[in-house]
Amino acid sequence: MTMQFNDETFRDDYTYRNSPEAIRRFPFPFDQDSYMYSVNLEPHAGGREGTPFNKRFDVDEHYVSEMRDRAITLADDPLRCQSLPHMELAGWDFLELVMDSKAEDYPDLFSLTKDGDRWHWVNRPLGIEQRFTFLDPTTLPCGPLEYITRQTQGDHALLDQREGNLWMDAGMVTSQADWSLDFDVGMNFFEWHAPVPKAHEMGIFQRALKFLLALPLSKPSRRLNWTLTVNPRLDTSPENYHKWGPEKRTVTPENVGAKQHLRVELQTLWRLPRSNAIAFPIRGYLASMEDLTTLPKWGRRLHRVLRDLPDELADYKGFTVNRPMIVDYLSKFDDGVPTSAGIYPDETGL
Amino acid sequence: MTSQMLRVAEVEVLTPLVKRFRFEHPEGKTLPLFSGGAHVVVEMEDGETLRRNAYSLISDPQDGSGYEIAVRREDRGRGGSRFMHTKVSEGDPLRVNAPVNLFALDLRARKHVLIAGGIGITPFLAQLRQLTRLQLPFELHYAARSRAEAAGLKLLPQAPMIQVHLSEEGNRLDPGAILAHQPLGTHVYTCGPEGLIVGVEDAAQRLNWPKDVFHSEAFLSPPPGKPFTVTLTRSGLTLTVAPNQSLLEALEAAKVEIPWSCRGGACGRCETEVRSCKGRIAHHDHWLEDAEKSAQTKIMPCVSRFEGEELLLDR
Ligand code: HEM
Ligand code: FES
């Protein structure tokens, strides 16, 4: 089946919409009725057919419009993509990983032909055809990381590994949940995680870092993270807080179901072969409360999770102001019936 | 752990004590590329015993057609290298784990100076191919006692930035002289006997090089020792660790689940809580802090041993 791509916006008039199929496959992040931070890492080795866990780099109906939104953000602020000079090799590693994966997983959308170092890449949805020489930056219109992440949904960080730590030395970050690459670039794992509440005391970052330092080749891992966003906006950056922060005040009991979105990040972790760096794609998915409550299990569970979430987490995730309104709206979808284990809705064949 | 069965494609005698082994995929598939300094763990079924030894990859990191290692026969070791030398021949299947790099190049360096002693040349053989491919400035110094013992001679290309120091020929390696005239931003990497590593570190300190430009890999293989007994609180087992066995190997032989990666005291994966220790832990790892070592509350079973009355572990 060939994929249909939406023509939609993530700013101004916000025409972003999920098809029923996109809702059904949404990576709902709660496997029980409550939430707390944990070292929630598992192998990224496929998943149920049709879910975002199935392919190495998920491509969905929002692909073309998301890439258009990234280009707008980059035109305003080129520092959203940065790569310290020693990270160029990691950029090539990542370019190869994405091209290989997409060409194998979506042969009707992408193709890659290699003749030694002479490569030929075709990206049909974006209408791109490129012949270039692998490891020769003069043969691409921009650096390898920027080149491939202008064609890959989600934000991406490349981490250099040295001195028993990971360093955020490169990235493409245009759809972040209120953090900044320009601020974090050059920081290590503990430094860039400093603002996160509770998790440090719980020992989560120490254990997670140990795991990542020993991340083997060809064995990617994944985890889910989430937050709430008003309007389907990708660029919720500190740099542009003045544009999206005030929108929190536009939520009313009447529009909360349509305006308030759950924003889920499917984060994957890949050891890169030549550079020994780690790639960290952060792939975001947005669904409104109205979308999610079409599936009764998710409506019930989302209500319970957001009602009972510790205040520090709600503060950190930035939805304390609207929390009573959101919980009130969701309570209408919670009849108190127990929910089944796991993240998948009961009604779909997934 | 990710491992695959590979086929021994070549065995070459480099010196009386060192052999080179080449592994390929049995169906000729490409193996994952790696970075210079990476090692693989090779699994050997030696009768009843499953040995797992880590060896640096010496082949071209950009070439996925095969992996190569060089193994020095250690007759006083636990038997892994002896097994490789006496029981492994061309055509044999061997299980090899995915490459892991704990001794990677720091690509921020303006120049890379690699200093190897003896069999410590192995990680640099791959790094030097990576540096050449990336066209980064480097020099490599290789010290060995004599021409006959220098396995690296057959594996190193002839090039002006590669220098061989043979002490028997009166050409001893002098770390101070090598480091004295390097440009700012140079990183130094050393691998070999403890004495060489300490010598290079001292020289770097004397010249006031910043700490983070010094990189070393002491290729640790678990030292043999006296047998000892260990009790496991979670599995309720009491085991005896044999002289030629590591504690990690004893746990594995008893089918106790325990994570590992480097098997050389460097990666931290096998770290284990000590519940009670009446005696002295011989810590051989580079992972635990000095304070943790003297507190005797943690042990790295891949390399460390014990002497005394009672050792209780949380496994
Ligand atoms: C190595 C790749 C990783 C990168 C680049 C990364 C980056 C980040 C960044 C930039 C933030 C936002 C911090 C801020 O508020 O400024 C964050 C938050 C967080 N990270 Fe990571 N992270 C990584 C891996 C992990 C792993 C492996 C875990 C845990 C197992 C983890 C757990 C968290 C948690 C719990 C938060 C708070 C999220 C929230 O409540 O919305 N991270 N991370
Ligand atoms: S396995 Fe790496 S320290 Fe023990």
Side-chain angles (χ1 to χ4, degrees), chain A residues 39 41 43-45 83-94 96-97 100 104 114 116-117 133-138 158-167 169-170 186 188 203 206-221 270-278, chain B residues 1-4 30-41 57 60-64 67 97-110 112 126-127 129-131 133-136 185 187 189 210-215 259-263 266-271 286-287 289:
Chain A
V39 188
L41 288 160
H44 183 41
S83 176
L84 300 184
H86 63 278
M87 296 304 280
E88 186 172 294
L89 184 63
W92 286 110
D93 270 335
F94 188 57
E96 179 184 42
L97 174 66
D100 277 347
E104 275 171 38
K114 297 181 184 176
D117 285 344
T133 306
F134 189 68
L135 294 181
D136 179 354
T138 63
L158 299 183
L159 300 321
D160 194 23
Q161 180 163 336
R162 49 177 205 268
E163 297 157 45
N165 213 324
L166 295 172
W167 304 81
D169 287 348
N188 70 34
Q206 230 170 7
R207 272 179 288 151
L209 177 61
K210 269 191 191 181
F211 177 87
L212 297 184
L213 292 177
L215 185 72
L217 278 170
S218 331
K219 278 276 160 177
S221 286
W270 309 78
R271 174 71 64 195
L272 298 177
R274 300 170 184 79
S275 57
N276 201 43
I278 287 181
Chain B
M1 266 308 124
T2 50
S3 62
Q4 37 181 338
T30 309
L31 304 175
L33 303 185
F34 57 96
S35 49
H39 67 264
V40 290
V41 169
L57 289 168
D60 184 353
Q62 312 279 333
D63 177 5
Y67 290 157
N97 288 266
V100 174
N101 199 341
L102 298 172
F103 189 49
L105 294 168
D106 188 331
L107 295 176
R108 294 173 307 164
R110 296 264 183 76
H112 304 263
Q127 287 185 343
R129 292 189 154 106
Q130 186 181 356
L131 290 164
R133 165 88 203 226
L134 295 174
Q135 300 181 314
L136 296 172
H187 281 235
Y189 306 77
K211 233 180 135 121
D212 65 338
V213 305
F214 171 81
H215 311 265
W260 54 266
S261 173
C262 70
R263 305 182 77 87
C267 75
R269 277 308 266 280
C270 67
E271 187 180 295
H286 294 302
W287 176 256
E289 308 288 333

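Below, each value reflects all heavy atoms present in this structure, side chains not excepted, and no hydrogens, waters or symmetry copies. Just so we're on the same page: letters track the sequence lines, and every chain starts at 1.
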- prompt: Checking heavy atoms, do the side chain of A/L213, its backbone, both or neither come under 4.5 Å from chain B?
  reply: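 Nothing of A/L213, per the 4.5 Å heavy-atom cut-off to chain B.
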field: Contact class of A/L89 relative to chain B, heavy atoms under 4.5 angstrom
entry: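 For A/L89, the side chain is the part near chain B, not the backbone.
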Proximal component of [X], with respect to chain A [non-hydrogen, under 4.5 Å]:
{"X": "B/N101", "result": "both"}
{"X": "B/L102", "result": "neither"}
{"X": "B/P61", "result": "neither"}

What's the spacing between [X] [atom1] and [Y] [atom2] if we round to 0.5 Å?
{"X": "B/D212", "Y": "A/R162", "atom1": "CG", "atom2": "CZ", "value": "8.0 Å"}
{"X": "A/E163", "Y": "B/H215", "atom1": "CD", "atom2": "NE2", "value": "7.5 Å"}
{"X": "B/L136", "Y": "A/H86", "atom1": "CG", "atom2": "NE2", "value": "12.5 Å"}
{"X": "B/R133", "Y": "A/L135", "atom1": "CZ", "atom2": "CG", "value": "4.5 Å"}
{"X": "B/L105", "Y": "A/N276", "atom1": "CG", "atom2": "CG", "value": "9.5 Å"}
{"X": "B/L33", "Y": "A/S218", "atom1": "CG", "atom2": "OG", "value": "9.5 Å"}

task: List the atom of A/R274, the atom of B/S35, and the distance in Å for their closest heavy-atom pair.
output: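 Here A/R274 and B/S35 meet closest at O-CB, 3.2 Å.
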message: Looking at every non-hydrogen atom in both residues, tell me the closest pair between A/K210 and B/W287 and how far apart they are.
response: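 The answer is CE-CZ2, 3.3 Å.
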field: Option that, when pairs with chain A are counted at under 4.5 Å, heavy atom only, ranks first among B/A38, B/G37, B/P99, B/G36
entry: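 Among the listed options, the one with the most contacts to chain A is B/P99.
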